[in-house]
Amino acid sequence: MRFNRLPLVHNAKGDVRKVGLELEFSNVDIAQCVDLIKQLYGGKVQVKHRFSQKVVGTRLGDFTVELDLKLLTEKKYKALFDSLNIDLESIKIGDTTLEEKVEDALETMIRKVIPYEISAPPVPCTELHQLEPLRQALFEHKAEGTEAFWTNAFGMHINPELPNLETGTILRYLKAFLVLYPLLLKTGKTDFARRHMTTFINPFPEEYTDRVLQPSYSPDLNQLIDEYHQFNPDRNRPLDLYPLFASLREEKIKSFSNLGTVNPRETFHYRLPNSCVSDPKWTLAQEWNRWVTIEELANSPARLDMLCQEYLTIKENTLLGFEEKWTKKTEQWLY
C-alpha cells in the first residue's frame with residue numbers, strides 16, 4: 001500500500017513537512033530492536049541504560065528505543081531500596097549485580113503488558129515509505145502488537161508537522177478530526193483494550209466537541225488553549241494538542257497541573273491508531289492514510305463547515321445510535 005500525499009506538502013517556510021512515528025509492541029527486546037535499526041539504516045548505538053537506548057547517525061536521523069515505563073527507564077524502583085539503605089549497584093551476585101537481577105525480574109513481569117517503543121526521527125512526509133522496512137522487520141522477528149492479545153493496549157502515534165502555526169489552521173484540523181472521529185474508530189478498528197480497559201485514548205467530551213463544531217466558535221490562541229485544557233486536562237486524548245500548544249505558549253502549558261512532562265514540538269500528536277505489527281496485512285501506510293483524510297477535510301473549508309453543521313443537526317435529532325448513523329453519513333460524503 002502506498003503512502004498518500006498530503007494536500008499541503010510544505011510548511012510556511014517552504015520546506016517539506018516532516019513526520020515522526022512512534023510504534024509500540026512486545027516480544028522483541030531493545031537489544032534486538034537496535035540491531036534491526038542498525039542493519040536497516042546504519043548508525044551507532046548509544047546506551048543510556050538497558051531500557052533506554054538510541055541509534056544515532058542513521059541515514060534518517062536518530063532513533064530512540066525504550067521500554068514504555070518510567071519505573072524502569074527512570075529507575076524509580078530504586079527509591080524503595082534507597083530508603084532501606086540498599087545499594088543495588090554495589091551488591092554482586094556472581095558476574096552481575098543485584099540491580100541487574102531486580103531489573104530482570106521487573107522486565108519479566110511487565111513486558112507482556114507494557115510495550116517496547118521505537119520513536120523514529122522526523123522524516124519528510126514524502127519519505128515515510130522508508131520506515132516500512134522497519135515495520136516488516138519487526139513482523140519477521142515475531143513482534144506482537146495490539147491484536148496479539150486482548151490486554152495489548154498498544155498504539156502507533158503519528159506526529160505530523162503543521163503546514164503553518166495560525167490559530168485558524170489548528171482549529172480546522174481539530175474540527176476535521178472531531179467530525180471524522182466515529183468513522184476513524186470504525187475504519188481503524190480501534191482496539192477494545194485501548195478504548196475501554198485503559199485511559200490511553202479517552203474520547204473528547206461531547207460538550208467540548210459540540211462547542212468546537214459550532215459555526216460561531218472562533219477563539220484566539222489563548223482561548224483555544226484555555227478551553228482545550230478546561231475540557232481535556234490530561235494527555236490521553238486521541239489527538240493530543242499539548243505538545244503543539246507548548247511550542248506556542250510554553251509558560252502557559254507549564255502552569256497547568258497534572259500533565260507531566262510536555263515536550264514542545266510544532267506537530268499534532270495523533271494517538272488513535274492501533275499498532276498491529278503481528279498482522280501480516282497491516283502496514284504503516286494504512287494508518288498514515290487515515291490521517292491524510294483528516295488533512296484533506298481540514299483543507300476543504302466549505303466541506304468541513306457543511307459536515308460540522310450536519311453533525312450538530314443530526315446529533316440534536318438522534319436519540320440513540322448517533323455514532324453509527326453519523327459514520328454512514330460521513331462514508332457517503334467522503335467516499
Side-chain angles (χ1 to χ4, degrees), residues 3-24 54 58 60-66 68 117-131 134 155-178 180-181 184 188 200-201 204 212 221 224-225 228-229 232 234-254 256 259-273 275 284-299:
F3 288 81
N4 289 345
R5 187 178 179 88
L6 291 174
L8 296 177
V9 173
H10 297 88
N11 61 22
K13 298 177 182 178
D15 300 323
V16 174
R17 293 166 59 193
K18 292 187 174 182
V19 182
L21 294 182
E22 303 164 35
L23 200 58
E24 298 176 338
K54 290 187 175 184
T58 80
L60 298 182
D62 297 346
F63 288 78
T64 299
V65 188
E66 60 186 2
D68 192 19
E117 179 182 270
I118 292 178
S119 296
V123 300
C125 62
T126 53
E127 299 294 327
L128 280 169
H129 60 275
Q130 295 201 54
L131 294 173
L134 177 58
M156 170 184 164
H157 299 173
I158 304 175
N159 304 298
E161 179 186 3
L162 275 72
N164 63 66
L165 299 176
E166 295 176 6
T167 304
T169 299
I170 299 170
L171 182 59
R172 286 201 316 275
Y173 275 72
L174 176 58
K175 286 186 174 186
F177 172 80
L178 293 173
L180 293 176
Y181 180 67
L184 293 168
F200 293 148
I201 48 169
F204 286 97
V212 171
L221 180 59
L224 180 63
I225 294 174
Y228 180 90
H229 184 65
N232 311 286
D234 65 66
R235 300 293 307 280
N236 295 323
R237 292 290 184 251
L239 184 65
D240 173 22
L241 297 186
Y242 282 112
L244 171 59
F245 289 154
S247 74
L248 300 172
R249 295 288 188 272
E250 187 169 8
E251 293 306 313
K252 177 185 282 287
I253 300 304
K254 284 182 178 178
F256 295 151
L259 292 180
T261 301
V262 180
N263 296 318
R265 57 178 184 247
E266 296 178 358
T267 72
F268 293 109
H269 186 39
Y270 178 51
R271 306 176 63 255
L272 186 61
S275 173
L284 304 181
Q286 290 178 22
E287 307 302 343
W288 167 252
N289 292 346
R290 294 189 181 99
W291 172 259
V292 173
T293 301
I294 298 171
E295 294 234 1
E296 290 172 340
L297 182 58
N299 287 285

Novice: Tell me the closest heavy-atom pair linking Cys125 and Val19, and the distance in Å.
Specialist: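 Looks like CB-CG2, 3.8 Å.
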Novice: Looking at every non-hydrogen atom in both residues, tell me the closest pair between Ala176 and Ile294 and how far apart they are.
Specialist: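 For Ala176 versus Ile294, the nearest heavy atoms are CB-O, 3.6 Å.
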Novice: Could you state the interatomic distance from CH2 (Trp291) to CG (Leu180), rounded to the nearest 0.5 Å?
Specialist: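 Here the interatomic distance stands at 10.5 Å.
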Novice: Return the CG to CZ distance between Leu239 and Arg237, rounded to the nearest 0.5 Å.
Specialist: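 Output value for this atom pair is 11.5 Å.
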Novice: Which heavy atom of Val262 sits nearest to which heavy atom of Arg235, and what is that distance?
Specialist: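 Of all heavy-atom pairs spanning Val262 and Arg235, the closest is CG2-NH1, 3.6 Å.
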Novice: Hey, does Trp288 have a side-chain heavy atom less than 4.5 Å from the side chain of Pro273?
Specialist: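 No, too far: nothing below the 4.5 Å cut-off.
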Novice: List the steps and the verdict of side chain to side chain contact (heavy atoms under 4.5 Å, CB included) for Val9 and Thr126.
Specialist: CA-CA 8 Å; Val9 173; Thr126 53; 4.0 Å; yes
Novice: Would you please say whether a donor-acceptor pair under 3.5 Å links the side chains of Asn299 and Tyr173?
Specialist: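 Side chains of Asn299 and Tyr173: pair found under 3.5 Å.
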Novice: Any chance you could measure Ile170, atom CD1, to Leu248, atom CG, to the nearest 0.5 Å?
Specialist: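 Answer rounded to 0.5 Å: 5.5 Å.
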Novice: Can you find a pair of side-chain heavy atoms, one from Val212 and one from Leu171, that are under 4.5 Å apart?
Specialist: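 Counting from C-beta outward, Val212 and Leu171 do come under 4.5 Å.
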Novice: So do the side chains of Ser247 and Arg265 get within less than 4.5 Å of each other, counting heavy atoms only?
Specialist: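 Heavy-atom side-chain distance check fails, nothing below 4.5 Å.
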Novice: Please say which of Glu266, Glu161, Glu295, Glu127 ends up in a salt bridge (charged side-chain N to carboxylate O under 4.0 Å, His left out) with Arg17.
Specialist: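 It is Glu295, the one option of Glu266, Glu161, Glu295, Glu127 that forms the salt bridge (charged side-chain N to carboxylate O under 4.0 Å, His left out) with Arg17.
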Novice: Centroid-to-centroid, Phe256 to His229, below 6.0 Å?
Specialist: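 Yes, close enough.
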Novice: For Leu131 and Ala120, work out which heavy atoms get closest and say how close.
Specialist: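 Distance-wise, the nearest heavy atoms are CD2-CB, 3.9 Å.
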Novice: Would you give the length of the straight line joining atom CD of Gln130 to atom CG of Leu284, rounded to the nearest 0.5 angstrom?
Specialist: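 Reported to 0.5 Å precision, the distance equals 12.5 Å.
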Novice: Taking all non-hydrogen atoms of both residues, which atom of Asn159 and which atom of His269 are closest, and how far apart?
Specialist: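 It is OD1-ND1, 2.6 Å.
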Novice: How far does CG of Leu23 sit from CD1 of Ile118, to the nearest 0.5 angstrom?
Specialist: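 Taking CG in Leu23 and CD1 in Ile118, the distance rounds to 6.5 Å.
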Novice: Does Tyr228 offer a backbone N or O that forms a donor-acceptor pair with the side chain of Asn232 under 3.5 Å?
Specialist: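 Yes, because the side chain of Asn232 sits within donor-acceptor range (under 3.5 Å) of the backbone of Tyr228.
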Novice: Is the Phe177-Tyr181 ring centre distance short of 6.0 angstrom?
Specialist: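 Close enough - the centres of the two rings lie under 6.0 Å apart.
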Novice: Taking 4.0 angstrom as the limit, do Asp240 and Arg271 come out as a salt bridge?
Specialist: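 The answer is no: the pair does not qualify as a salt bridge.
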Novice: Do Leu60 and Pro121 come within less than 4.5 Å of each other through their side chains, counting heavy atoms only?
Specialist: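 Heavy-atom side-chain distance check passes, below 4.5 Å.
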Novice: What are the two closest non-hydrogen atoms of Ile225 and Arg249, and how far apart are they?
Specialist: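 Where Ile225 meets Arg249 most closely, the heavy atoms are CD1-CG, 3.7 Å.
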Novice: Within this structure, what is the CG-OG distance for the pair Leu21 and Ser275, rounded to the nearest 0.5 Å?
Specialist: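 Answer rounded to 0.5 Å: 10.5 Å.
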